[in-house]
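All remarks here apply to the structure that follows.
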Amino acid sequence: MYTRKLLVSLIGLILINLSHYPDYVLSENVNLDFPFFTLRNITLLGDSYLRNGIVGLTRELGVPSSSSGSVMYNYPVAFFDQETNVTASFSTKFSFSIANVNPSSFGDGLAFFLSPNNQTLGSPGGYLGLVNSSQLSKNKFIAIEFDTRQDLHFNDPDEDHVGLDIDSLVSIKTANSILRGVNLKGGNLITAWIDYENGKKKLEIFLSYSSFKPEVPLLSVGIDLSDYLKEFMYVGFSASTEGSTELHCIENWSFRTMGFRPIRPKIQPHNVSDSSVPLRTPIPVSDSGNRHHKMIGLGLGIGFPAFFCAVLVVFGWISVKKWKGIKSERIITSELVTGPRQFSYKELKSATRGFHSSRILGHGAFGTVYKAFFTDSGTISAVKRSKHTHEGKTEFLAELSIIASLRHKNLVQLQGWCVEKGELLLVYEFMPNSSLDKVLYHESENGNPLKWTYRYNIAVGLASVLSYLHQECEQQVIHRDIKTTGCRLGVDSGYWA
Ligand SMILES: *[C@@H]1O[C@H](CO)[C@@H](O)[C@H](O)[C@H]1NC(C)=O
Ligand SMILES: *[C@@H]1O[C@H](CO)[C@@H](O)[C@H](O)[C@H]1NC(C)=O
Ligand SMILES: *[C@@H]1O[C@H](CO)[C@@H](O)[C@H](O)[C@H]1NC(C)=O
Ligand SMILES: *[C@@H]1O[C@H](CO)[C@@H](O)[C@H](O)[C@H]1NC(C)=O
Ligand SMILES: *[C@@H]1O[C@H](CO)[C@@H](O)[C@H](O)[C@H]1NC(C)=O
Ligand SMILES: *[C@@H]1O[C@H](CO)[C@@H](O)[C@H](O)[C@H]1NC(C)=O
């Protein structure tokens with residue numbers, strides 16, 4: 001009798017995962033992410049439309065037109081909790097473009113707004129689709145305008161400014177974006193960040209052509225929005241034209257609120273023997289410390305109030321000591337059916353825009369990781385691509401079945417694989433918050449290093465997953481290379497000792 005030792009190199013992602021609150025529940029923090037738009041969860045009003053995953057807010061006509069439109073997230077978002085007297089902070093990021101078919105025919109601009117009303121739509125022209133021209137005080141809102149026309153009527157300083165508006169288009173404070181090198185109506189993709197910290201009573205707006213947030217805000221307003229943030233509000237965008245050809249497009253959008261106390265997670269007791277039960281239960285954040293730190297932490301189980309961080313495993317060596325190489329490919333494949341599935345090369349190619357460089361999340365020793373959008377299901381995954389040749393599909397599937405059977409809340413879940421055209425592709429759960437090293441080594445926005453309590457939680461979370469891999473899981477996985485840098489995933493098969 002001979003013993004075969006199957007060694008599998010498993011390169012993982014060490015990534016931080018944010019708790020997700022997809023639905024609105026009373027006074028829970030929300031976290032919305034629209035990497036592209038579908039009709040799901042948004043309401044289009046007025047002249048707005050959806051095309052190729054992008055929302056256009058005003059009529060798309062090559063002739064001068066007057067038009068207004070808005071788009072909103074379908075569900076109300078909690079901003080104030082009566083019981084605890086807590087007002088939420090919020091943070092949003094979106095990429096937009098304002099282009100002019102006829103550059104001399106511009107105006108009027110777009111706005112990001114919070115409004116108590118899900119029917120918020122205003123008039124064309126200087127009203128930015130926010131204010132009804134026949135009832136100026138009808139619509140209530142907190143809005144950030146990206147205004148491309150000077151309306152003296154509303155005391156606009158110039159034709160390229162960003163301003164904070166509350167219930168009126170006469171801005172509380174404005175800033176000229178050209179002075180910071182960003183031409184609002186130049187047609188380029190612009191990314192905007194809007195952060196409000198209720199504790200500091202401060203609103204900050206950042207603009208950039210790149211996806212890196214500038215250090216210095218374009219506009220900073222010291223203001224207490226708690227007087228205006230209602231229990232529930234709708235969030236969205238509006239825009240308008242007035243006899244112009246301006247096009248207003250929103251390409252993607254993420255939005256979240258912070259500051260509410262977590263509602264106890266409903267953790268279901270899981271049966272250890274039932275490996276098909278997904279064990280990733282989000283554990284909400286505790287309400288302490290500043291906003292940045294709130295994103296970080298490890299869920300360590302019931303009663304440990306911390307954000308959790310999904311940690312997966314880098315360059316692990318799976319060593320299956322007495323591998324009984326009897327399992328046929330058929331059995332292994334059927335085992336995989338309940339968990340990860342086989343993807344077609346075509347499917348992965350189109351989800352990553354033909355492995356386009358703009359979709360690269362990172363490079364590892366083993367290959368490149370891409371962000372994949374599956375438009376049919378509206379989901380995002382991380383796809384790891386390698387060009388290694390593999391000795392045999394059977395061995396590869398055997399290894400996959402081990403990886404697929406791993407279940408730990410801090411492990412990134414394998415969703416599927418593809419072996420075609422001499423390539424090996426692995427599909428993993430997408431972790432939106434990049435890699436752990438960014439959190440550990442980089443200072444937060446306000447210059448403080450990550451607190452020791454969070455570091456401790458991360459270490460304990462990592463220890464928990466290692467103990468699972470080394471001792472608790474059915475087929476022991478010996479992990480030999482823990483790294484904090486992310487975006488490395490994969491399986492290197494075909495080692496026989
Ligand atoms: C739409 O909202 C529901 C809950 O409100 C959420 O479960 C789902 O993920 C959302 N879909 C998208 C594409 O955002
Ligand atoms: C709620 O909090 C505000 C300050 O954030 C305070 O002024 C107010 O008195 C509080 N109200 C109650 C009922 O505690
Ligand atoms: C607005 O909200 C109400 C409930 O508050 C709902 O019945 C209605 O369908 C919503 N309208 C739109 C356009 O979403
Ligand atoms: C403005 O309000 C009037 C009266 O409520 C309404 O008939 C009209 O449609 C509104 N205009 C817009 C652009 O919403
Ligand atoms: C939107 O897309 C742009 C370009 O691909 C990217 O730079 C930006 O980070 C994205 N923003 C969000 C909120 O996903
Ligand atoms: C766990 O197993 C027991 C007995 O095998 C079963 O009755 C129970 O429903 C299972 N629980 C879950 C959450 O699957």
Side-chain angles (χ1 to χ4, degrees), residues 10-23 28-29 31 33 262-286 293-314 316 318 338-340 379-382 400-416 426-437 439-440 450 453-479 482-484 486-489:
L10 178 142
I11 315 162
L13 283 170
I14 291 194
L15 293 175
I16 300 265
N17 183 38
L18 262 183
S19 283
H20 244 67
Y21 298 96
D23 229 330
E28 261 195 86
N29 296 319
N31 191 347
D33 190 19
I263 289 170
R264 284 253 158 261
K266 291 148 243 142
I267 294 177
Q268 289 171 347
H270 62 264
N271 286 341
V272 178
S273 59
D274 183 357
S275 66
S276 70
V277 177
L279 300 183
R280 293 278 309 277
T281 311
I283 294 170
V285 65
S286 70
H293 286 166
K294 274 183 217 162
M295 295 165 46
I296 301 154
L298 275 181
L300 299 174
I302 308 161
F304 205 115
F307 252 130
F308 75 91
C309 142
V311 174
L312 177 89
V313 169
V314 189
I318 295 180
T338 53
T379 55
I380 313 179
S381 298
L400 259 184
S401 80
I402 296 168
I403 296 170
S405 73
L406 298 174
R407 292 280 190 289
H408 188 281
K409 66 176 185 293
N410 294 345
L411 276 176
V412 174
Q413 197 67 51
L414 179 74
Q415 295 176 335
L426 292 171
V427 183
Y428 282 88
E429 193 182 350
F430 175 69
M431 295 287 120
N433 288 299
S434 181
S435 70
L436 184 59
D437 64 317
V439 178
L440 289 179
L450 185 62
T453 48
Y454 295 108
R455 290 176 187 268
Y456 175 80
N457 289 348
I458 290 170
V460 174
L462 190 58
S464 148
V465 78
L466 275 180
S467 146
Y468 168 76
L469 291 174
H470 288 184
Q471 277 149 22
E472 293 151 18
C473 68
E474 205 178 327
Q475 287 160 324
Q476 290 179 350
V477 177
I478 307 303
H479 194 289
I482 310 271
K483 281 185 181 143
T484 56
C487 299
R488 306 225 186 117
L489 295 172

Taking only residues two or more places apart in sequence or in another chain, which ones pass side chain to side chain donor-acceptor pair (under 3.5 Å) with Thr453? none
Would the distance check show the side chain of Gln413 and the main-chain N or O of Glu429 forming a donor-acceptor pair, the cut-off being under 3.5 Å? no
Can you name the nearest heavy-atom pair linking Tyr428 to Leu414, along with the distance? CZ-CD1, 3.6 Å
In sequence, state the C-alpha distance, the side-chain angles, and the governing distance for Ser464 and His408, and then conclude on side-chain contact (heavy atoms from CB on, under 4.5 Å). CA-CA 9 Å; Ser464 148; His408 188 281; 2.9 Å; yes
Closest heavy-atom pair, Tyr468 versus Leu411, reported as atoms and distance to 0.1 Å, is CE2-CD1, 3.9 Å
